[in-house]
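Letters A, B, ... are given to chains in the order of the sequence lines, protein chains preceding strands, and every chain is numbered from 1. Remember, it's a predicted structure, so these values are computed and weren't measured experimentally. Scope of the values below: all heavy atoms of this structure, side chains included, with no hydrogens, waters or symmetry mates.
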There are 2 protein chains.
Amino acid sequence: MSQQPAARVAVIKDVARLAGVSHQTVSRVLNDHPSVRDETRERVLRAVQQLNYRPNALARGLAGRRSRVIGVVSFDTILHGPAATLLGIERAARHAGYGISIVALERLDRSGVIDAVNRLAEQSVAGVVIIAPLLTAAAAAGSLPSGVPAVVAESDMAGDLPTVSVDQVAGARLAVEHLLDLGHETVWHLSGPKDWLEARDRVDGWRAALEAAGRRVPPVLAGDWSPRSGYEAGRRLADRGDVTAVFCANDQQALGMLRALHERGVRVPEDVSVVGFDDIPEAAYLSPPLTTVRQDFDEVGRRCLAALLELLGVDRPPGVARHPRVPPSLVVRASSGPPPAA
Amino acid sequence: MSQQPAARVAVIKDVARLAGVSHQTVSRVLNDHPSVRDETRERVLRAVQQLNYRPNALARGLAGRRSRVIGVVSFDTILHGPAATLLGIERAARHAGYGISIVALERLDRSGVIDAVNRLAEQSVAGVVIIAPLLTAAAAAGSLPSGVPAVVAESDMAGDLPTVSVDQVAGARLAVEHLLDLGHETVWHLSGPKDWLEARDRVDGWRAALEAAGRRVPPVLAGDWSPRSGYEAGRRLADRGDVTAVFCANDQQALGMLRALHERGVRVPEDVSVVGFDDIPEAAYLSPPLTTVRQDFDEVGRRCLAALLELLGVDRPPGVARHPRVPPSLVVRASSGPPPAA
DNA sequence: GCCCGCATTGTTATCGGTCACATTCATGGG
DNA sequence: CCCATGAATGTGACCGATAACAATGCGGGC
């Protein structure tokens with residue numbers, strides 16, 4: 001009467017009973033402890049199979065003070081960079097046998113980041129990855145109160161935490177040098193919002209490449225990542241008439257710019273060359289197809305995880321750089337060409 | 001000597017000691033139990049504050065067999081629909097006081113979905129939301145072995161599980177009726193991959209709208225969501241010369257189509273009208289700005305959560321529809337207009 | 001032949017909460 | 001005045017795993 005044949009899931013004791021061993025021996029088998037006789041191990045594994053037993057992660061985490069879940073603090077946006085980074089981290093975590101818990105933030109400010117990390121800490125995550133493309137977020141990450149192991153992505157400065165990011169400066173250089181090589185006198189730049197680190201770095205890389213070539217550095221046009229800001233900047237540039245090459249800080253802005261130039265009768269690339277950044281899936285099918293800079297977000301995810309596992313001390317490879325910068329690559333399409341002969 | 005003044009985090013016993021009550025009373029305060037004197041409650045809350053105590057979610061889940069985390073099974077892609085749905089769910093969950101754990105799948109097949117749900121079940125999530133835009137995934141979700149409460153998003157058939165989805169048929173109708181209203185004889189359709197439910201529904205809605213108006217139904221062009229497939233279809237349509245209106249199953253395909261038409265010298269909307277689906281951020285800045293159908297993914301997220309909470313029995317509102325369909329809306333821009341006078 | 005050490009296995013405490021039940025005390029009807 | 005009732009609080013078991021330590025058996029060195 002006391003037995004309820006309901007579909008209750010099996011726990012470690014059930015396995016132990018079926019295998020005729022103690023629950024501790026079952027635990028040893030599950031955790032690959034060396035001191036278990038082969039025959040015993042097999043008996044246990046058979047029981048596990050038979051009962052379709054799966055260890056309870058909560059109990060494991062509570063007893064062992066370590067969990068197989070890592071937290072990710074992200075930004076509540078479907079912008080290509082953060083979204084792709086999140087997926088990259090998820091993929092890397094999954095392949096390493098970790099689950100991921102995410103908290104998205106509406107505003108990436110100090111208290112928001114700290115609060116998010118605390119929420120994740122409550123769930124006893126093994127560590128966290130903070131996707132911090134904004135200055136404020138990176139600063140907040142650098143001054144976390146709790147003792148949670150943390151890695152910061154899309155940022156290269158966050159107190160003494162390890163960071164992982166794409167080398168934005170190098171990416172901007174690639175874009176600018178490509179345009180100079182084509183024969184352009186100089187290159188204009190439509191930047192992203194100035195509180196974004198990536199936007200800053202791209203400005204820096206753009207300026208450095210121009211200065212290294214001894215070229216005039218035009219004023220920076222300020223955008224906000226949106227196609228709208230690219231559109232508006234495009235109208236202004238079309239009105240000037242003396243611009244032959246523009247480097248846009250992301251593909252969406254480049255898209256808006258292409259549209260503005262087209263409306264004004266400015267031909268791309270015959271009159272003006274345009275280069276973007278990100279290589280979003282649409283880039284190859286714009287009119288004209290967009291020359292742009294591609295970032296390897298899978299690699300970013302992998303390195304985030306490697307850095308985190310290193311912090312957790314579960315990984316042997318000793319030589320993980322503390323601030324690796326993933327190199328981007330240039331994708332040349334039809335939106336860039338030599339300047340008009342005039 | 002036995003005391004270690006290290007920054008050990010406070011646990012419930014520490015709070016109890018400081019407040020001069022039993023740990024159980026602290027637990028009562030934390031869980032809003034009615035039978036606690038106001039003065040006692042305040043003393044406990046003061047201690048909580050003072051120690052910066054945060055309850056351990058693992059222990060809570062283990063002891064109480066309920067957790068404040070819901071799992072999300074998603075598709076390993078940055079396609080607009082799934083990505084936006086994920087964010088919508090996260091936002092709704094956060095506002096309801098739940099955390100979310102995600103597992104992304106490379107292939108949405110039966111064993112993949114079941115495996116993902118099992119992985120989440122191991123972590124004792126309160127329930128799961130399965131984003132299942134493919135037939136295979138929906139079928140798998142409908143035959144889950146475990147007893148985990150589950151809701152299926154982006155699907156309207158999954159065994160007897162509750163589902164939440166945007167009304168794709170209605171969305172397609174909006175697009176087609178808009179074009180017919182403009183005076184077009186009929187409307188062609190570039191579909192998505194046929195194993196996607198949304199693609200199917202959009203085909204159905206398109207066909208239904210044409211038939212309801214007594215119009216000829218052209219053959220369906222098959223795409224795969226990519227701008228490339230839109231581009232290729234666009235070339236084929238341009239070659240025909242008798243097409244005046246096209247409804248593309250998503251904006252990326254519409255983008256590729258716009259490019260192909262432009263290359264062939266076909267003017268949009270003067271010669272051919274094009275309507276997309278999704279209203280991606282880029283849509284308003286294409287050449288020409290794209291008329292499209294917008295889906296409210298925040299609403300989808302909210303309803304998923306409402307359905308899940310209903311399953312969990314923690315929510316009063318009794319009248320939550322079991323298969324709600326969120327209505328989409330038409331966004332008219334410049335890519336659609338009356339057919340050529342000829 | 002005795003003792004030590006290692007491999008193997010079992011026993012019990014513990015993680016940090018919640019649950020079920022016991023206890024205490026004030027209140028009120030008969 | 002007594003006892004049933006319910007509010008307020010405490011005690012100990014329990015959730016399902018791992019950790020620490022004990023116990024057992026076997027082989028080898030002296």
Side-chain angles (χ1 to χ4, degrees), chain A residues 2 4 6 8-45 47-48 51-69 99 121-126 314, chain B residues 2 4 6 8-45 47-48 51-69 99 121-126 314:
Chain A
S2 71
Q4 221 173 345
R8 227 210 37 202
V9 301
V11 299
I12 200 168
K13 278 186 188 163
D14 301 321
V15 177
R17 197 176 312 126
L18 180 58
V21 298
S22 75
H23 62 117
Q24 178 59 9
T25 296
V26 176
S27 173
R28 291 198 180 94
V29 171
L30 295 175
N31 294 286
D32 293 317
H33 189 100
S35 294
V36 178
R37 231 185 334 150
D38 284 352
E39 190 250 314
T40 309
R41 178 188 319 279
E42 275 172 38
R43 199 142 35 92
V44 170
L45 289 177
V48 164
L51 296 175
N52 190 29
Y53 166 74
R54 317 206 66 168
N56 180 316
L58 258 42
R60 259 186 155 163
L62 183 58
R65 52 258 281 90
R66 81 178 74 104
S67 89
R68 298 283 284 180
V69 174
E122 265 176 55
Q123 306 188 32
S124 308
V125 294
V314 301
Chain B
S2 71
Q4 224 173 344
R8 228 207 39 203
V9 302
V11 300
I12 200 170
K13 278 186 189 163
D14 302 321
V15 176
R17 198 176 313 127
L18 181 58
V21 298
S22 75
H23 61 116
Q24 178 59 14
T25 297
V26 177
S27 173
R28 290 202 180 89
V29 171
L30 295 176
N31 294 287
D32 293 316
H33 188 99
S35 293
V36 178
R37 231 183 335 148
D38 283 352
E39 190 251 316
T40 309
R41 181 188 315 280
E42 273 170 40
R43 199 140 37 92
V44 170
L45 289 177
V48 164
L51 296 174
N52 190 28
Y53 166 75
R54 317 207 67 169
N56 180 317
L58 259 42
R60 257 185 157 165
L62 182 57
R65 53 257 281 92
R66 80 178 77 103
S67 89
R68 299 284 283 181
V69 174
E122 265 176 55
Q123 305 185 33
S124 308
V125 293
V314 301

Using residues 51-60 of chain A as the side-chain source, report each donor-acceptor pair under 3.5 Å to any protein atom, sequence neighbours left out, with the distance given to one decimal.
unit_1: A/R54; atom_1: NE; unit_2: B/E122; atom_2: OE2; d: 3.2
unit_1: A/R54; atom_1: NH2; unit_2: B/E122; atom_2: OE2; d: 3.0
unit_1: A/N56; atom_1: OD1; unit_2: A/L58; atom_2: N; d: 2.7
unit_1: A/N56; atom_1: OD1; unit_2: A/A59; atom_2: N; d: 3.0

Expressed in angstrom and rounded to an integer, what is the separation of [X] atom [atom1] from [N] atom [atom2]?
X	N	atom1	atom2	answer
A/L62	D/dA19	CG	C1'	13 Å
B/N56	C/dG17	CG	C1'	7 Å
B/Q24	C/dC19	CD	P	8 Å
B/L51	C/dG16	CG	C1'	15 Å
B/I12	D/dT11	CD1	C1'	14 Å
A/R54	D/dA17	CZ	P	12 Å
A/L58	C/dC15	CG	C1'	12 Å
B/K13	D/dT11	NZ	P	12 Å

With the side chain of B/A63 defined as its heavy atoms from C-beta on, choose the nearest nucleotide among C/dG16, D/dA17, C/dT12.
-> C/dG16
Select one nucleotide: of C/dG17, D/dT18, D/dT9, the one nearest the side-chain heavy atoms of A/R60.
->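 The listed nucleotide nearest to A/R60's side chain is D/dT18.
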Ignoring backbone atoms, establish whether [X] has a side-chain N or O less than 4.0 Å from OP1 or OP2 of [N].
X	N	value
A/R37	C/dT8	no
A/S22	C/dG10	yes
A/T40	C/dT9	yes
B/S35	D/dG6	no

Quantified as the angle between the terminal helix axes (five pairs each), what is the overall bend of the helix from C/dG1-D/dC30 to C/dG30-D/dC1 to 10 degrees?
-> 60°
Exam field: side chain A/S67 to backbone A/S124, donor-acceptor pair closer than 3.5 Å = yes
Residue set satisfying side chain to side chain contact (heavy atoms under 4.5 Å, CB included) with A/R41, at least two apart, ordered chain then number -> A/V29, A/V36, A/D38, A/L45
Looking for any heavy atom pair under 4.0 Å, which part of the strands does B/R41 touch: base, sugar-phosphate only, or nothing?
-> nothing
Which ones in residues 25-33 of chain A lie close to DNA chain C, meaning a heavy atom under 4.0 Å from one of its atoms?
->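 Within this stretch, A/T25, A/R28 sit under 4.0 Å of the strand.
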Pairs satisfying salt bridge (Lys or Arg N to Asp or Glu O under 4.0 Å), at least one member in residues 21-37 of chain A, at least two apart |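 Sorted result for residues 21-37 of chain A: A/R37-A/E39.
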Pairs under 3.5 angstrom only: tabulate donor-acceptor contacts from the side chains of residues 13-25 of chain A to other protein residues two or more places apart or in another chain.
unit_1: A/D14; atom_1: OD2; unit_2: A/R8; atom_2: NH2; d: 2.9
unit_1: A/D14; atom_1: OD2; unit_2: A/V11; atom_2: N; d: 2.8
unit_1: A/S22; atom_1: OG; unit_2: A/Q24; atom_2: N; d: 3.4
unit_1: A/S22; atom_1: OG; unit_2: A/T25; atom_2: N; d: 3.3
unit_1: A/S22; atom_1: OG; unit_2: A/T25; atom_2: OG1; d: 3.4

Min side-chain heavy-atom separation B/Q123-A/V69 under 4.5 Å |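 Yes, at least one pair of side-chain atoms sits under 4.5 Å.
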